[in-house]
Enquirer: 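Handing you a structure now.
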Amino acid sequence: MKLLVTGGAGFIGSHFVKGMLNAEDVERVTVMDALTYAGDRANLGEAFLSPKLAFVLGDICDRGLVDTLMAGHDAVVHFAAESHVDRSFQTAARFMTTNVLGTQTLADAAMRHGIERFVHVSTDEVYGPLTEGAATEEYPLRPTVPYASSKAASDLMALSYWHTYGAPVCVTRSSNNYGPRQHPEKIIPLFLTKLLRGGKVTLHDRGQHMRNWLHVADNCAGIELVLRQGGPGEIYNLGGGTDMTSRELTGELLRICGAGWDQVTYIPDRLSNDLRYAMDWGKIAALGYRPTRDFRAGLEETAAWYRANPDQWAPMSNSLPAAMPDTRSARPVLESHHAH
Ligand SMILES: NC(=O)c1ccc[n+]([C@@H]2O[C@H](COP(=O)([O-])OP(=O)(O)OC[C@H]3O[C@@H](n4cnc5c(N)ncnc54)[C@H](O)[C@@H]3O)[C@@H](O)[C@H]2O)c1
């Protein structure tokens, strides 16, 4: 298999690439990544030693480059995206450009080049909040924030290439991922890196938001299963991690870092914050998917990585915007529509 992986220098993409390089039937993995603030070659680390890996610095919205790269590959796994909800409150246009136009650009080239499998990586956030029950793949999409709306649009755009042209597109919708090498803007590494430096963490509202936490390795195993066995035009929910409120999650992180609740301050909720996500993942379970990572053990392993590698995350941590738009006073900023 000759695989093109977009966003392979990001958190989930880099874990996925490292796994696929070990697969015997994988002849080549080409990573295409624009190396935005979220991408880092260091995430691929030892993968660069593999003769199977090629790295191309480029934007998924660049039609010419995408077209050139698509030739010579038989499968695409598409991770590249603007991925942080809080940033989408301020720069929604960039989310639309990368997530929607970028996906359309890739799907279009994949169709023209007769790509045999196109896996689009989406999220449970496209379903929006559920007060009860769990969303199956048939559940309506009711995203509430710009990030999730752009992912819903890109997810449907990818599927439209199946419905319209018969392009063999599959979509995975996973819950919240965690694990080593996640950008320190996301809640688990944000809290870990602050607590490890003796700082305070801030919890939105009373920390009642419920999320499902899936180890990145389990998500990657599910994505590989869909790549190999998913049906064209099919959507697969990838859940099955641990459900927790952000307050419960904070308790776990405080315990691991040996810190107390006096390290926590409460702030007003962000502009929009879905109370609960929940997915039914029976469809992919029927293909043999089972998450295998224990949450507490996975969190300990994640904390151990951040403890051991401050040189890898400190520069990113230090360059986080001083005030992320996480209070009700935040307002969007004007931005140009150029990709990057
Ligand atoms: N992290 C999660 O919990 C989670 C959960 C469900 C779904 N997802 C989805 O999984 C995918 C990967 O998420 P992640 O957490 O690894 O994100 P990430 O932000 O860590 O990585 C995104 C990568 O995409 C690259 N990129 C951004 N814009 C690009 C562009 N225009 N052209 C080429 N490359 C570009 C970045 O440089 C980066 O390497 C995203 O599509 C995200 O929506 C993430």
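One-based numbering, in listed order, for ligands and for the atoms of each. Everything numeric in this text was worked out from a predicted model, so none of it was measured.
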Enquirer: Identify, by atom number and element, the atoms of ligand 1 in contact range of S174, meaning under 4.0 Å from any of its heavy atoms.
Expert: 5 (C), 6 (C), 7 (C)
Enquirer: I need the atoms of ligand 1 closer than 4.0 Å to a non-hydrogen atom of N176, numbered in the order shown.
Expert: 3 (O)
Enquirer: Is there at least one pair of N or O atoms, one from G10 and one from ligand 1, spaced under 3.5 Å apart?
Expert: yes
Enquirer: Under 4.0 Å from a heavy atom of T123: which atoms of ligand 1 are those, numbered in the order shown and with their elements?
Expert: 6 (C), 7 (C)
Enquirer: Answer with side chain, backbone, both or neither: which part of L35 has a heavy atom less than 4.0 angstrom from an atom of ligand 1?
Expert: backbone
Enquirer: Do F118 and Y161 have their ring centres less than 6.0 Å from each other?
Expert: no
Enquirer: Can F79 be reached from V66 by stepping across I, L, V, M, F, W or Y side chains whose heavy atoms are under 4.5 Å apart?
Expert: no
Enquirer: Does A80 offer a backbone N or O that forms a donor-acceptor pair with the side chain of T6 under 3.5 Å?
Expert: yes
Enquirer: Would you please indicate yes or no on a ring centroid separation below 6.0 angstrom for H183 and Y37?
Expert: yes
Enquirer: Run the contact test for T6 against ligand 1 with a 4.0 Å cut-off on heavy atoms, strictly below, and give the result.
Expert: no
Enquirer: Is ligand 1 under 4.0 Å from a heavy atom in the side chain of W213, in the backbone, in both, or in neither?
Expert: neither
Enquirer: Polar contacts were defined as any N/O atom of the residue lying under 3.5 Å from an N/O atom of the ligand; does this apply to S122 and ligand 1?
Expert: no
Enquirer: Please classify the S175 to ligand 1 contact at 4.0 Å (heavy-atom distances, strictly less than): side chain, backbone, both or neither.
Expert: backbone
Enquirer: With distance as the sole test, does S160 use its side chain to make a donor-acceptor pair with the main-chain N or O of M157 at under 3.5 Å?
Expert: yes
Enquirer: Contact between ligand 1 and K151 is defined here as a heavy atom of the residue under 4.0 Å from a ligand atom; is it met?
Expert: yes
Enquirer: Is the distance between the ring centroids of Y178 and H215 under 6.0 Å?
Expert: yes
Enquirer: If you count the atoms of ligand 1 from 1 in the order shown, which ones are under 4.0 Å from a heavy atom of G58?
Expert: 32 (N), 33 (C)
Enquirer: Centres of the Y127 and Y277 rings: under 6.0 Å?
Expert: no
Enquirer: Measure from the side-chain N and O atoms of D40 to the backbone N and O of A42, and report whether any donor-acceptor pair falls under 3.5 Å.
Expert: yes
Enquirer: Does any donor atom in the side chain of H209 or T245 lie under 3.5 Å from an acceptor atom in the other side chain?
Expert: no
Enquirer: Where the closest heavy atom to atom 43 (O) of ligand 1 is concerned, which of F79, F95, Y147, Y178 has it?
Expert: Y147
Enquirer: Please determine, by modelled atom types, if T103 and H78 share a side-chain donor-acceptor pair under 3.5 angstrom.
Expert: yes
Enquirer: Does ligand 1 come near enough to D59 that some N or O of the ligand is less than 3.5 Å from an N or O of the residue?
Expert: yes
Enquirer: When you measure from the side chain of N177 to the backbone N and O of S175, does any donor-acceptor pair fall under 3.5 Å?
Expert: yes
Enquirer: Should G102 be listed as contacting ligand 1, given a heavy-atom distance under 4.0 Å as the test?
Expert: no
Enquirer: With a 4.0 Å heavy-atom cut-off (strictly under), which part of R173 contacts ligand 1: side chain, backbone, both or neither?
Expert: neither
Enquirer: Does ligand 1 have a heavy atom under 4.0 Å from the side chain of T98, from its backbone, from both, or from neither?
Expert: side chain
Enquirer: Between K52 (side chain only) and L21 (backbone N and O only), is there a donor and an acceptor less than 3.5 Å apart?
Expert: yes
Enquirer: Check whether any N or O atom of F11, backbone or side chain, sits under 3.5 Å from an N or O atom of ligand 1, and answer yes or no.
Expert: yes
Enquirer: Would you say S83 and ligand 1 have an N/O pair spaced under 3.5 Å apart?
Expert: yes
Enquirer: Has R247 got its NZ or CZ under 6.0 Å from the middle of the six-membered ring of W261, at an angle within 45 degrees of the ring axis?
Expert: yes
Enquirer: Which atoms from ligand 1 have a heavy atom of A9 less than 4.0 Å away?
Expert: 39 (O)
Enquirer: In this structure, does ligand 1 have an atom that sits under 4.0 Å from one of the heavy atoms of C61?
Expert: no
Enquirer: Can you confirm, on distance only, whether ligand 1 has an N/O atom lying under 3.5 Å from any N/O atom belonging to N177?
Expert: yes
Enquirer: With respect to I60, determine whether any N or O atom, backbone or side chain, lies less than 3.5 Å from an N or O atom of ligand 1.
Expert: yes
